[in-house]
Amino acid sequence: MAAKERRIILKNIDRPGYGNDIDSYLEHGGYEMLKRALQRKPEELRDEVKASGVRGRGGAGFPAGMKWSFLDFKSGKPIYLVCNADESEPGTFKDRQIIHKDPHQLIEGMLISAYAITAKLAFIYIRGEFPEGAGILERAIEEARGANFLGANILGSDFSCEIYVHRGAGAYICGEETGLIESIEGKRPYPRIKPPYFPAALGLYMCPTIVNNVETLCNVKHIVEMGGEAYAKIGRPGNTGTRIWCVSGHVRKPGYYEFEGGALTLGELIYDVCGGLHPDRKLKAVIPGGSSMKILRADERFRGKDREGNEYDLGLEDLVLDFDGIALSGSLSGSGGIMVMDDSTDMVEALANVSSFYAHESCGQCTPCREGSLWLKKILERMARGQARLEDVDLLKSVADQIPGRTICAFGEATAWPVQSYVSKFRDEFIAKAEQQAAGRTGGNGRSAEQVRLV
Amino acid sequence: MNLKQETLQKIEEVIPRYPEKRSAVLPILHLVQEDQGYISPEATEWIAGKLELKPINVWELVTFYPMLRDKPVGKKVVRVCRTLSCALQGSYRTCETLREALNCQPDDHSPDGEFTVEFAECLASCHAAPVVMVNDDLYERVDDNRARQLAGEIRNGKAGPAETA
Ligand SMILES: Cc1cc2nc3c(=O)[nH]c(=O)nc-3n(C[C@H](O)[C@H](O)[C@H](O)COP(=O)(O)O)c2cc1C
Ligand code: SF4
Ligand code: FES
């Protein structure tokens, strides 16, 4: 049996009788860490976060303490904090749980973080499709204001801070931090080119800005509670703290599960925690970190040398669940969204589904991304609907290969990686589809348009 | 432009939150759409005037953001997630069933103007696929059977309060 869940962030979530109001939160020790933090110097808190080693939970896994240390404290301009609650990476659904069921944990984490980086104004950028979540956060902010945890001279200190909720309107690219910043500024959310526009130097209104994910900011509260060094002892070095894994797709018990870094393998998560696959089904593939990440084939082997120089030879089920463990597969654990596919899945259709997402969401600034994403979708939908050609596999690869590294933001990679990985790992299936359909067009057995399920 | 008193008041409240006025444009667009159902050219000019922007600075947002609408939609907007985890659990079928039951064509509202059924991208509740939103309300595990039932609830007014996109 796999390791037990260790709920730190999700501790009170789904606990019977625990509400999302401030009274529930206060009964469970809420805002005590804010009080404690206000007794300390901001730079001490920044050191704690650095010592904790906590890595960002939004996707890239960049160490939060290091990001904070890039802030330009000398510019004389105001410093802003932005919570990224856009949660739009397909397969990811943890931030919604925190927002709906424990909003004060996020607000306390944000207030401590704002104090630590000396920000007086903070925004929660929440995706437009979370109207209820936005309402819950607004109410929680008012409750916190009523108790003087927020607003002017918080708890009698010199520290004043406002938090506002800013709603998006259905565009995935607003999750990219510089697109998000443009969106708050009231412009089209076109990502900015980095350098020079690293938010820590030139962020919101060209002022130093920290953008962190919901789960990252919640962690800050627990880092203050435990102390950075103690927090760093949870999990594995480089993968400290817990992570919330969002499991969806073809497993019996999909859901959100929180584990210490490195506590279990992907196989244990799928079979022991999530109850395995449906009867008579076999595992076919897993996307380990949201749909942007490279897909893993159930029967492939991952070989190489790890950072210490030790050779490894692992199967999908042996991969250890944390940033570094998943990275050994050549893919990434990204936002923690694990999508599981069984042997009933048609990979051409699955890729057509994913590529349709990226074609819909490209902001359109960069030619390779805008044009490439649309062509990928067009080709894949045509293939899924019965017009696959043998040369399509190479065509897809050629289009995808021309996108990454040639764009303003990492959406380019997100568009290309699924295509590159599906096409190389399931090449036979793409070819077989083309052959079957060619036969179908001359009287054989193609998959008919009515059987297409994923596009 | 006949905005409700309440909407006008909320608009006045939201502007001073931001260090720069222009930032209020997206919240105001949400408020106006909530009030009027969509963003008309007239509304665009009004918002631009309010924030000292050019109308194009407002319109370019309406044309960019999927949730902002430039024409009227059904009173009940049904959004079906079509992204992978939901598709794997049959969301395309769910969408078809809802469309048929509510008499909607793809990307259009029902002839009586009551309903719109459209696809949405991942609604961030993928463990409970297929996921559907009816106006502001989330419905989980809407398989084909549940979709039939939900269509009935939408018709008789039980599902989904007023659109506040
Ligand atoms: C296309 C794209 C979409 C993204 N979407 C999200 C998102 O929905 N939520 C999120 O927290 N981070 C998202 N990110 C990552 C953010 O740019 C940023 O790295 C993150 O919010 C930083 O927070 P963290 O350091 O706490 O992880 C996205 C990045 C890209 C390139
Ligand atoms: S890579 Fe794509 S999404 Fe990113 S800025 Fe360029 S066009 Fe926009
Ligand atoms: S894929 Fe449908 S909610 Fe995420």
Side-chain angles (χ1 to χ4, degrees), chain A residues 78 80 87-96 121 127-132 135 162 164 166-172 174 183-189 204-205 207 246-250 253-256 287 291 337 339-342 345 349-350 353-354 356-357 360-361 363 452-455, chain B residues 14 16-31 33-34 47 51 53 57-58 60-69 79 81-93 119-129 131 133 135-138 140-141 163-165:
Chain A
Y80 297 110
E87 187 150 77
S88 40
E89 175 69 19
T92 317
F93 44 87
K94 61 196 174 66
D95 299 341
R96 178 202 280 274
L121 183 56
R127 60 182 302 189
E129 297 90 335
F130 283 3
E132 192 186 342
E162 290 294 341
Y164 294 119
H166 188 94
R167 292 183 61 204
Y172 168 69
C174 292
S183 180
I184 299 184
E185 289 185 3
K187 301 171 192 149
R188 275 193 171 191
L204 188 57
Y205 311 117
C207 296
C246 310
V247 189
S248 65
H250 293 143
K253 288 192 288 178
Y256 38 92
I287 306 172
S291 71
M339 301 160 106
V340 179
M341 289 175 241
D342 69 21
T345 313
E349 283 185 35
N353 180 291
V354 169
S356 173
F357 175 83
H360 186 257
E361 301 297 341
C363 86
V452 174
R453 290 188 303 130
L454 304 180
V455 274
Chain B
V14 86
R17 290 182 169 186
Y18 295 95
E20 290 179 16
K21 238 179 170 178
R22 183 171 181 175
S23 286
V25 61
L26 196 50
I28 294 178
L29 281 162
H30 274 300
L31 288 166
Q33 181 160 292
E34 221 170 283
I47 296 169
L51 298 176
L53 296 171
N57 300 137
V58 179
E60 68 180 355
L61 304 189
V62 179
T63 55
F64 188 91
Y65 287 103
M67 285 177 69
L68 298 177
R69 303 169 185 286
R79 279 180 275 216
C81 174
R82 56 134 240 114
T83 314
L84 190 58
S85 299
C86 283
L88 290 171
Q89 306 290 353
S91 67
Y92 274 76
R93 182 83 214 111
F119 274 128
E121 299 296 344
C122 180
L123 294 169
S125 212
C126 331
H127 60 310
V131 176
M133 280 182 85
N135 292 353
D136 282 357
D137 291 354
L138 186 76
E140 300 181 325
R141 299 178 185 88
E163 162 89 330
T164 58

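Lettering follows sequence order; numbering is per chain, from 1.
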Modelled atom types, side-chain donor and acceptor of B:T63 and A:R188, under 3.5 Å = yes

message = Is B:L138 in contact with chain A via its backbone, its side chain, both, or neither, using a 4.5 Å heavy-atom distance?
response = side chain

note = Cut-off 4.5 Å, heavy atoms of chain B, and the answer for A:S291 is neither

note = Interface check, chain B: of A:K253, A:K94, A:H250, most non-hydrogen pairs under 4.5 Å belong to A:H250

key: Heavy-atom closest contact (B:L61 atom, A:G186 atom, distance)   = CD1-O, 3.5 Å

query = Which bit of A:H360 comes within less than 4.5 Å of chain B, counting heavy atoms only: side chain, backbone, both or neither?
reply = side chain

Contacting region of B:L26 [heavy-atom separation from chain A under 4.5 Å] = side chain

task = Go through the structure and list residues passing salt bridge (charged side-chain N to carboxylate O under 4.0 Å, His left out) with A:R127, not counting sequence neighbours.
result = A:E129

ask   = Where do B:H127 and A:Y256 land on the side-chain contact (heavy atoms from CB on, under 4.5 Å) test, with the steps shown first?
value = CA-CA 8 Å; B:H127 60 310; A:Y256 38 92; 3.8 Å; yes

query = Tell me, side chain or backbone of A:C363 under 4.5 Å from chain B's heavy atoms, or both, or neither?
reply = both

key: Results of salt bridge (charged side-chain N to carboxylate O under 4.0 Å, His left out) for A:E185 - residues two or more places apart only   = A:K187, A:R192

request  = Grab the two heavy atoms, one from B:M67 and one from A:G170, that are nearest each other, plus how far apart they are.
outcome  = SD-N, 3.6 Å

task = Examine whether an atom of B:E121 lies under 4.5 Å from a heavy atom of chain A, and if so say whether it belongs to the side chain, the backbone or both; otherwise answer neither.
result = both

note = The interface call for A:P78 against chain B, heavy-atom contacts under 4.5 Å, is neither

message = Can you tell me how the ring of A:Y164 sits relative to the ring of B:Y18, calling it parallel under 30°, perpendicular over 60° and tilted otherwise?
response = tilted

query = With only heavy atoms counted, which part of A:I287 is less than 4.5 Å from chain B, the side chain, the backbone, both or neither?
reply = side chain

request  = In sequence, state the C-alpha distance, the side-chain angles, and the governing distance for B:Y65 and A:C174, and then conclude on side-chain contact (heavy atoms from CB on, under 4.5 Å).
outcome  = CA-CA 10 Å; B:Y65 287 103; A:C174 292; 3.8 Å; yes

message = Testing the basics here: between B:L84 and A:M339, what is the closest heavy-atom pair and its distance to 0.1 Å?
response = CB-CE, 3.9 Å

query = Do A:N353 side-chain atoms and B:A87 backbone N/O form a donor-acceptor pair below 3.5 Å?
reply = no

